[in-house]
Amino acid sequence: MTFIGTLCGCCGSSQPSYVSVNGHRYHIKRLLGEGGFSFVYLVESRENGLMALKKIRCPFGSIGSISPAMKEVDNYQKFKSPYIAQIIDSQVVQERDGSKTVYILLPYFSKGSLQDEINRHLLDCTQVPELEVVRLALGVARGLLCIHDAAPADESDVTYSIVSAPYAEDSSLLNDLELDTFGESHQAYAHHDIKPSNIMISSEGMPVISDLGSCSRACVEINSRQALLQFQEWRSEHCTLTFMAPEILDVKLNSVITEKCDVWSFGCTIYTMCFGISPFEREEQISGASVTYSLTTGKYSIPSGTNYSSGLIDVVKKCLNVDPDGRPSVDELISLLMDLQSQLVS
Ligand SMILES: Nc1ncnc2c1ncn2[C@@H]1O[C@H](COP(=O)(O)OP(=O)(O)OP(=O)(O)O)[C@@H](O)[C@H]1O
């Protein structure tokens, strides 16, 4: 990986900036967005057109700090679905100061995210039509089904050829990648950060789950004080409070977290599509109760006079059950949403 010119296309430099990933040269056009430790740039290549390049900084330069980013690369390779973003290429770079940077090349979603779509409706004072809410929700649910039902991976099939040489040779890194964050053997995965800004909209208008950095094995047993602290630390880096399931926010010793945490976030996402705000943020606005309190007690309300059908509102209510076992599976959600879709089109 080499950079020619200045990396940041929006920093005011008049010089065009280029980046080379595994020998392919890309023109950096502008910054698309940024997260805690990452920047996402719009890049263009002569052969493949526009793409998004995610640059993840691993500040301490140790294997430990690089593994979450490599886990994200691994996740992009793991799930094959039109409803989950597919990786194009990636590379790890050793920086001169000893730190490492991971670059992930992804398709560019010019329509932005579901959050952008919600924001457009808020600005226009319009609401997302119910049929559109159901169509988008169905796509997200199909992507989630692929994550939750991930087939047991044949570890020997996982290839790391995209990793640049110094790390490909580092077997401890590869071993680290195969370790589940919390040492579980169950093969179902959970995304852990489903929210409208992590769902991109394809050029055909289909929802595509992205930002797989928080995705890890679904079944997490919190069976020691150390596991509890480790989970709390992981949660603060990877999950978003207003979409977070109560069992994650108020994680307890001797509890088990499952993929049902995504079902809660999915319910919050449908609610946000309908009402332009997440249920527990709205609760804070109208009652003054903290998000943490409303969320752990499951206290939220549906705006009165809503013209969304009771069938759709019921789907939200089923997902926002404080008891994870009481929430539907993604399979069940898909059939509920399909029924709703047929009723709406008939
Ligand atoms: N493939 C893409 N096409 C277009 N825009 C993108 C793409 N990927 C990311 N973005 C933009 O960049 C933002 C940040 O990307 P991403 O969520 O992957 O980074 P992150 O560091 O994990 O962010 P967060 O901390 O919000 O989870 C997104 O909200 C989106 O606006």
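Both ligands and their constituent atoms are indexed starting at 1 by order of listing. Positions are given from 1, in the same order as the sequence printed here. Atom set for the values below is all heavy atoms of this structure, side chains included, hydrogens, waters and symmetry mates excluded.
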Quick one: do the Asn119 and Gln115 side chains pair a donor with an acceptor below 3.5 Å? yes
Verify the distance criterion only: is there a donor paired with an acceptor across the side chains of Tyr41 and Lys54 at less than 3.5 Å? no
Distance (rounded to the nearest 0.5 Å) between Ile313 CD1 and Ile302 CD1: 4.5 Å
Kindly indicate, with the supporting measurements, whether the criterion salt bridge (Lys or Arg N to Asp or Glu O under 4.0 Å) is fulfilled by Glu283 and Lys299. CA-CA 8 Å; Glu283 195 53 33; Lys299 196 175 172 311; 3.1 Å; yes
Only one of Ser301, Cys274, Cys268 passes side-chain contact (heavy atoms from CB on, under 4.5 Å) with Pro279, and that residue is Cys268
Contact residues of ligand 1 with a heavy-atom cut-off of under 4.0 Å? Leu32, Gly33, Gly35, Gly36, Ser38, Val40, Ala52, Lys54, Pro107, Tyr108, Phe109, Lys195, Ser197, Asn198, Met200, Asp211
In terms of relative ring orientation, are His24 and Tyr26 parallel, tilted or perpendicular, with 30° and 60° separating the classes? tilted
